[in-house]
There are 2 protein chains.
Amino acid sequence: MSTSESDYLQHYNIHNYDTPLCTVDMCIFSVLNDSVNVLLVKRSEHPERGKWALPGGFVHPEKDQTLDDTAYRKLFEKTGVASPYLEQVGTFGNNSRDPRGWSLTIAYFALINSSDITLSANESSERAQWVPIHELNDYCPMAFDHLTLFTHCYERLKNKVQYTSLPINLLQEEFTLSELQQLFEILLNKHLDRKAFRRRFLDADIIEETGNMRASHTRPAKLYRAKQLGAEHYFLRSIEGPRS
Amino acid sequence: MSTSESDYLQHYNIHNYDTPLCTVDMCIFSVLNDSVNVLLVKRSEHPERGKWALPGGFVHPEKDQTLDDTAYRKLFEKTGVASPYLEQVGTFGNNSRDPRGWSLTIAYFALINSSDITLSANESSERAQWVPIHELNDYCPMAFDHLTLFTHCYERLKNKVQYTSLPINLLQEEFTLSELQQLFEILLNKHLDRKAFRRRFLDADIIEETGNMRASHTRPAKLYRAKQLGAEHYFLRSIEGPRS
DNA sequence: ATAATAGTGTCTTTAAGACATTATGCG
DNA sequence: CGCATAATGTCTTAAAGACACTATTAT
């Protein structure tokens, strides 16, 4: 009965066990034309061929050393973006979400600036497309439980807008405070006070002037950058927005 | 080339693909003797036999309909507690965390009141034991990457103490405000002002008097209960604690 | 000069921290 | 009574909202 660990491992065969299918799905957000967009692909293969889906795919034990590698690989295949903000949102597993069997997917969300990317359709010739999130229902039915995955990712994003600096990652490296505020207003879907918004970010000591200005047909605005790229600051208080 | 989805599914065999091992690990917290404890088991089987580990096990496609089922099943096997607070923290997957191959684990944390539970050693005769978290290093080496999993779960817990009502789930159904405050002080490891603490919870309208009193050798205290069992309230401001 | 947007001054409001004071039970 | 803990009163402080005011550019 008493075998060594090396004996045990020598006779261990993963294929003797029933095990879930493992995939990673990406909810890639960007802001385009004053609205939040998510990147969707039209499935070109079974199952759920022809339906819209979040880009994703199987965890590939040969290609990927870690789970995050899978996520970055999928993201790069679809967008060409190498190192965006990436966050794991949750894992969804059950026996009904995929007709092939008990399956499990790890959902990630990514924030990228839309001008950074070139949509590519080369991988398995799936067409990727930005979809404004308020149009998402028009694209139903979505494949599998991807509407649920999207909803969880979007809720996470909306929550973090309230108490972190996270959305900075949706802008280009240099941005004005007005651009940042507009972005927050789109995400929160409400108007914010300019002075309060500026105070919040300036007092937090997380951005710095670049010395450059954004030209415009009115008064030029100072350009800022995040002091630490990809960092997210947690504010002690949530944004509340207008009082009644 | 053009097959139907049902044809496709008929010939699909999960065992043709290389796929990760899938497990669930539980970080079960409780408060005992004025300190936070976590439930650990001593592994009785290979691999990592004899090391301490978080209770957990394989996702079992026959037994479990959903991932949460796996978590609840493992929790019940170890503690006999049927419906505690449970939250998914994150999924950790790579090719080095388990000697059997590419493996992935979904980490959950649970909050339970220690008086609710009876530790059972019946399943695979592993002995479960409460370990105060400040002693965790003395129990090293822990199996696999379980110290990392624990750390992520503990960080999540500590963060949520700052801005949610979550720790209520560590107390019994009826509790005094002093007991609640003591609990927060243990979790945050700092003293809190009594008036501010009471205001915070009372103004949030999330607890109500039960009408009963906690007897003691001094002035009896009012007993409260959470208005909604298992609910977590998000405060707009984080607890900061004493100003230096 | 005017329009438009950038940026500031400053008063109010909210919820938290500090800390003294009062209340209530038991021995 | 006197001790210990429960519960409250009230002043201060930090950060947000409201909103008027000033600054800078193009046309």
> Start with the C-alpha distance between A/Gln162 and B/Tyr234, add both sets of side-chain angles, then the distance that settles side-chain hydrogen bond (donor to acceptor under 3.5 Å, both in side chains), and finish with yes or no.
CA-CA 12 Å; A/Gln162 318 260 343; B/Tyr234 285 75; over 6 Å; no
> Tell whether A/Arg219 reaches the base of C/dG7 with its side chain through a donor-acceptor pair below 3.5 angstrom.
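For A/Arg219, whose side chain was compared with the base of C/dG7, there is no donor-acceptor pair (under 3.5 Å).
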> Which part of the nucleic acid, if any, lies within contact of B/Ser178, taking any heavy atom under 4.0 Å across all strands shown: a base, the sugar-phosphate backbone alone, or nothing?
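Result for B/Ser178 = sugar-phosphate.
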> Using heavy-atom distances to pick each residue's nearest nucleotide on DNA chain D, tell me which of B/Ala221 and A/Pro242 is more 5'.
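It is B/Ala221 whose nearest nucleotide is closer to the 5' end.
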> Output the rounded distance in Å from NZ (B/Lys190) to P (C/dA16).
14 Å
> Quickly work out the A/Phe201 CZ to D/dA16 C1' distance and round it to whole Å.
14 Å
> Over all strands shown, is A/Arg200 touching base, sugar-phosphate only, or nothing at heavy-atom distances under 4.0 angstrom?
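If one applies the 4.0 Å heavy-atom cut-off, A/Arg200 turns out to touch the sugar-phosphate alone, with no base involved.
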> Contact class for A/Thr176 (heavy atom, under 4.0 Å): base, sugar-phosphate, or nothing?
nothing
> Less than 3.5 Å between a donor and an acceptor, one on the side chain of B/Arg199 and one on the base of D/dG9, is that the case here?
no
> Let me know the distance between CZ of B/Arg194 and C1' of C/dA20, rounded to the nearest Å.
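Taking atom C1' of C/dA20 as the reference, CZ of B/Arg194 is at 11 Å.
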> Start at the 5' end of DNA chain C and walk down; is the nucleotide closest to B/Ser216 or to B/Ile239 reached first?
B/Ile239
> Going by modelled atom types, is there a donor-acceptor pair between the base of D/dG9 and the side chain of B/Lys195 at under 3.5 Å?
yes
> Starting at the 5' end of DNA chain C, which residue's closest nucleotide do you reach first, B/Thr218 or B/Leu236?
B/Leu236
> Base, sugar-phosphate, or nothing: which does A/Lys222 touch, judged by heavy atoms less than 4.0 Å apart?
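Counting heavy atoms under 4.0 Å across all strands, the contact made by A/Lys222 is with sugar-phosphate only.
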> Tell me whether the side-chain N/O atoms of A/Arg198 come closer than 4.0 Å to OP1 or OP2 in C/dG7.
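True: A/Arg198 side-chain N/O within range (under 4.0 Å) of C/dG7 OP1/OP2.
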> With distance as the sole criterion, do the side chain of A/Arg237 and the base of D/dA15 form a donor-acceptor contact below 3.5 Å?
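Yes.
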> Could you walk me through whether B/Ser30 and B/Asn37 satisfy the side-chain hydrogen bond (donor to acceptor under 3.5 Å, both in side chains) test, starting with their C-alpha distance in whole Å, then the side-chain angles of each, then the deciding distance to 0.1 Å, before giving a yes or no?
CA-CA 5 Å; B/Ser30 194; B/Asn37 285 55; over 6 Å; no
> Would you mind reading off the distance between B/Glu185 atom CD and C/dG17 atom P, rounded to a whole angstrom?
12 Å
> Separation of B/Gln181 atom CD from D/dA6 atom P, in whole Å?
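After rounding, the reported distance stands at 9 Å.
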> Rounded to whole angstrom units, what separation is found between the CG atom of B/Leu180 and the P atom of D/dA6?
13 Å
> Do you know which two heavy atoms are closest between A/Asp193 and A/Gln181, and how far apart they sit?
C-NE2, 3.9 Å
> Just checking A/Phe92 against A/His152, ring centres under 6.0 Å apart?
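Under 6.0 Å, so yes.
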> Rounded to whole angstrom units, what separation is found between the CG atom of B/Asp193 and the C1' atom of D/dG9?
12 Å
> To the nearest Å, how far apart are A/Asp203 CG and C/dG9 C1'?
14 Å
> For A/Phe184, run the ring-ring contact (aromatic ring centres under 6.0 Å, His included) check against A/Phe201, A/Tyr163, A/Phe175 and tell me which one passes.
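Single pass found, and it is A/Phe201.
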